[in-house]
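First the proteins, then the strands, lettered A, B, ... as listed; each starts at 1.
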Protein chains: 2
Amino acid sequence: MSEDTETHARLGEIGLTNFAPYLMNRIMGRYNAMIREEMADVGLTTPKMRTLAVLSVVEGPLIRELAVYTVVEQSTLSRALDQLQTEGLIRREADASDSRAVRVFLTDAGRATFETLWPHMATSAARLFKGIPDEEQRAFVATLQKMLANIRKHEI
Amino acid sequence: MSEDTETHARLGEIGLTNFAPYLMNRIMGRYNAMIREEMADVGLTTPKMRTLAVLSVVEGPLIRELAVYTVVEQSTLSRALDQLQTEGLIRREADASDSRAVRVFLTDAGRATFETLWPHMATSAARLFKGIPDEEQRAFVATLQKMLANIRKHEI
DNA sequence: GAAGGATATTTGCATTTGCATTTAATTCTG
DNA sequence: CAGAATTAAATGCAAATGCAAATATCCTTC
């Protein structure tokens, strides 16, 4: 099936505000900017903040897995981990069965730092959904999960 | 109303894959990466590609408006416009009533370039929604529009 | 109508980013 | 089991980014 020969409605016909990727970029652009401004005060960049968030939920992932979860380039992540390690918020640990691989863990200090961050993230997320009924929110998340399954490259 | 004292469910309780901002970042990370890889072949960066896309729909916006639409920092956009102008894809034009302001227009060459890009963008967008019924897609976009209204800082 | 403040864009500069490469270790194949 | 191919992570380096400052213009107010 050659997708090249498919015909698509023009963007002008759909309209920018009916084109889902446009809306999602606009929304996440603002959401991420809000979080970033708040985190900058505490000396955290987006990759560092996301690392803490994911590690609060996922125990000891490999660095390459963490790169997928955080949606951060592996080389960028590697450097973010250097900083977090220096600050004592995470620790790297060699994988038991594969000595190329490195697993990453939150330290107690890292977990404590994330606890102070999370309310800001949760508040921003709640603001996104203000005035949107629970049922609609659940349907929205369900659609997002299907979309991720459609597009993801990695099995995690 | 102090939001600082609100209590939020922990991220661990919600689960990463039920947290909408996480899902949206994962999805748009992959979507944007796919587009970026394809555009790199043609010498277009994300800011340049988005500029062409928005200009195909919005006639002669101010640069600061274009920055909002494209979700690109204004200084970054300014430099992207330099390149697009050099390549003959857009032109800047002084605003009639405010000589500080600059309006941006697609040239014929720019429009032609976008026409070749759009099928890729549309195909990637369609892939996101593969297997998702039309009705669900419409509901999803409607929710996105509400979310944008909730979070946007600018009146455009 | 002049001065002070606001706004639109560009530019200087230091930081961040990402691609490509390197290093190190593992797995596959004949 | 040797050697080739693959994989994980770190690093060198050029390019992209974003903040802050500069420049130019406009608006307000007295």
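With respect to the salt-bridge test (charged N to carboxylate O, under 4.0 angstrom), the residues A/Arg92 and A/Asp82 qualify.
Between B/Tyr31 and B/Met121 the shortest side-chain heavy-atom distance falls below 4.5 Å. Between A/Leu23 and B/Gln145, some side-chain heavy-atom pair lies under the 4.5 Å cut-off.
With a 6.0 Å radius and a threshold of 12 heavy atoms from other residues, nucleotides or ligands, A/Asp108 has its CG atom at or below the threshold.
What separates NZ of B/Lys48 from C1' of D/dT17 is a distance of 15 Å, to the nearest Å. B/Leu44 has its CG atom 12 Å from the P atom of D/dA16, to the nearest Å. Rounded to whole Å, the distance from CD1 on B/Ile63 to P on D/dT25 is 15 Å. Rounded to an integer number of Å, the gap from A/Glu93 CD to D/dA8 P is 19 Å.
Partners of A/Glu59 according to the salt bridge (Lys or Arg N to Asp or Glu O under 4.0 Å) rule, which considers only residues two or more places apart in sequence or in another chain, do not exist here.
Ring geometry for B/Tyr69 versus A/Tyr22: interplanar angle of 30 to 60°, hence tilted.
No contact: A/Arg103 has no heavy atom under 4.0 Å from any strand.
Residue B/Leu106 is not grouped with residue B/Leu62 when hydrophobic side chains (ILVMFWY) are merged at heavy-atom distances under 4.5 angstrom, including chains of intermediate members.
Nucleotides of DNA chain C that come within less than 4.0 Å of any heavy atom of chain B span, from the 5' end to the 3' end, C/dA6 to C/dC19.
At D/dA8, one or more side-chain N or O atoms of A/Arg64 fall inside 4.0 Å of OP1 or OP2 (strictly under the cut-off).
With A/Gln74 contributing its side chain and A/Ile63 its backbone, the two residues share no donor-acceptor pair below 3.5 Å.
Heavy-atom nearest nucleotides on DNA chain C were determined for B/Arg100 and for A/Asp98, and the one closer to the 5' end corresponds to B/Arg100. Position along DNA chain D of the nearest nucleotide to A/Arg36 versus A/Ala101 favours A/Ala101 as the more 5'-ward residue.
Between B/His120 and B/Thr116 the shortest heavy-atom distance is CD2-O, 3.4 Å.
Against DNA chain C, the stretch residues 74-88 of chain B makes heavy-atom approaches under 4.0 Å through B/Gln74, B/Ser75, B/Ser78, B/Arg79.
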